[in-house]
Student: 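Here it is, the structure in full.
In what follows, chains carry the letters A, B, and so on, assigned in the order in which the sequence lines appear, proteins first and then strands, with residues in each chain numbered from 1.
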Amino acid sequence: MPELPEVQTLVNDLNAAGVVGETITTARVFWPKTVAEISPQTFCRRIRGKTINAIRRRGKFLVFDFLDSGHLLIHLRMSGRLRLASPESKRSKHEHIILGLGNSRQLRFHDTRKFGRLFLVDDSQHILEKLGIEPLESSFKAGVLADVLAARKRQLKPLLLDQAVIAGLGNIYVDEALWEAKIHPLRVSNTLSNAEVNALHRAIPRVLLRGLKNMGTSLGSGKANFYSVARRKGRNQDQLNVFRRTGSPCPRCQAPIERIIVGQRSTHICKNCQKL
DNA sequence: GTCTATGTTTGCGG
DNA sequence: TCCGCAAACATAGA
């Protein structure tokens, strides 16, 4: 389920596929709740005729900017996927929204668990302004991270998962970054030393860029798995050091990886490398 | 068949 | 402010 590297992979693939410049000629909604804030009828009426001027990412949102005005924001939540398909191919039962791009291809939103949402808005600020720092931008400085950690007194892992603080991290990459930085997920945010903050500041972009380079993490064989637009899997699952590797030896010290629960989320650590 | 876990987010109560 | 819990759903795996 998509985090920053998976969403960025989709954005890159949509751009490479020449979706920018296309005009949305048709829109059909098969599961009404997938459309956020407005009715499916309004969504279809308003999106028809829009030309896509740019496709980008903010946090875990895909952002489509339209030429004249407005934006389409897509949040994939747990199991959302996007794919490009020909109009002839049969709709699968989990494809909830189909946007026609001319008459040669379609952009389809597929979502087994139906938590994903599409927002069609004139002004995207009311959604995007809630998001915190972008961890791959140059504004993500060690001092900025130090400030946000010091400003709160929270368990480190739930804080890193909080999209209002840092945008784009999810369960996989937080576990990986904490292992990389040798910091325990239950540490309280305002008690990290400068050296620890610096280690975390280096680890976060490192694990995200590795995920991006590998075109995302696709775990297992389930229907909710991550696929990019041409139904291609990522290969970052082969590079994970701790996530879902309970019982395997820590790549650094060989102690067995343990699974604990932190903030109701499954969490993977090396007890030896990440001391409380 | 039954039970549990799941990569996300939001809203509620304490 | 912060934390825990439940809910929005469907599926896989034990």
Student: Just to confirm, is there a sub-4.0 Å distance from OP1 or OP2 of dT9(B) to any side-chain nitrogen or oxygen of Gln163(A)?
Tutor: yes
Student: Under the side-chain hydrogen bond (donor to acceptor under 3.5 Å, both in side chains) rule, collect the residues that match up with Ser89(A), sequence neighbours excluded.
Tutor: Arg108(A)
Student: Donor-acceptor pairs under 3.5 angstrom involving side-chain atoms of residues 67-77 of chain A: please list them, not counting sequence neighbours.
Tutor:
unit_1, atom_1, unit_2, atom_2, d
His71(A), ND1, Asp65(A), OD1, 2.7
His75(A), ND1, Arg77(A), N, 3.0

Student: Nearest 0.5 Å, please: how far is CG in Asp238(A) from OG1 in Thr217(A)?
Tutor: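 If I round to the nearest 0.5 Å, the distance is 9.5 Å.
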Student: Side-chain N or O of Ser266(A) versus OP1/OP2 of dT6(B): is the shortest distance under 4.0 Å?
Tutor: yes
Student: Rounding to a whole Å, what distance do you find between Ile261(A):CD1 and dT6(B):C1'?
Tutor: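 Going from CD1 in Ile261(A) over to C1' in dT6(B) covers 11 Å.
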Student: Would you sketch DNA chain C in dot-bracket for me? Only Watson-Crick or G-U wobble pairs with both distances under 3.5 Å count, crossing pairs as [ ], other-strand pairs as |, the rest as dots.
Tutor: .|||||||.|||||
Student: Show every ring-ring contact (aromatic ring centres under 6.0 Å, His included) that has at least one partner inside residues 149-193 of chain A, sequence neighbours left out.
Tutor: none
Student: Would you classify Leu219(A) as touching base, sugar-phosphate or nothing, given that sugar-phosphate means primed atoms plus P, OP1 and OP2, and contacts are heavy atoms under 4.0 Å?
Tutor: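 Result for Leu219(A) = base.
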Student: Compare side-chain N and O positions of Arg265(A) against OP1 and OP2 of dC3(C) and report whether any pair is under 4.0 Å apart.
Tutor: no
Student: In whole angstrom, what separates His110(A)'s NE2 from dA10(C)'s C1'?
Tutor: 11 Å
Student: Just to be sure I understand the rule, does Lys130(A) reach a base, reach only the sugar-phosphate, or reach nothing, if contact means heavy atoms closer than 4.0 Å?
Tutor: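 The answer is nothing, as Lys130(A) stays clear of every strand by at least 4.0 Å.
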Student: I need the CD-P distance between Glu3(A) and dT6(B), as an integer number of Å.
Tutor: 14 Å
Student: Using a strict threshold of under 4.0 Å (side-chain N to carboxylate O), is an ion pair present between Glu37(A) and Arg117(A)?
Tutor: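 No.
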Student: Sequence neighbours excluded, which residues qualify as side-chain hydrogen bond (donor to acceptor under 3.5 Å, both in side chains) partners of Asp13(A)?
Tutor: Ser228(A), Arg232(A)
Student: What nitrogen or oxygen pairs link the protein and nucleotides 6-9 of chain C at under 3.5 Å?
Tutor:
unit_1, atom_1, unit_2, atom_2, d
dA8(C), O3', Lys33(A), NZ, 3.2
dC9(C), OP1, Lys33(A), NZ, 3.0
dC9(C), O2, Arg113(A), NE, 2.6
dC9(C), O2, Arg113(A), NH2, 3.4
dC9(C), N3, Arg113(A), NH2, 3.0

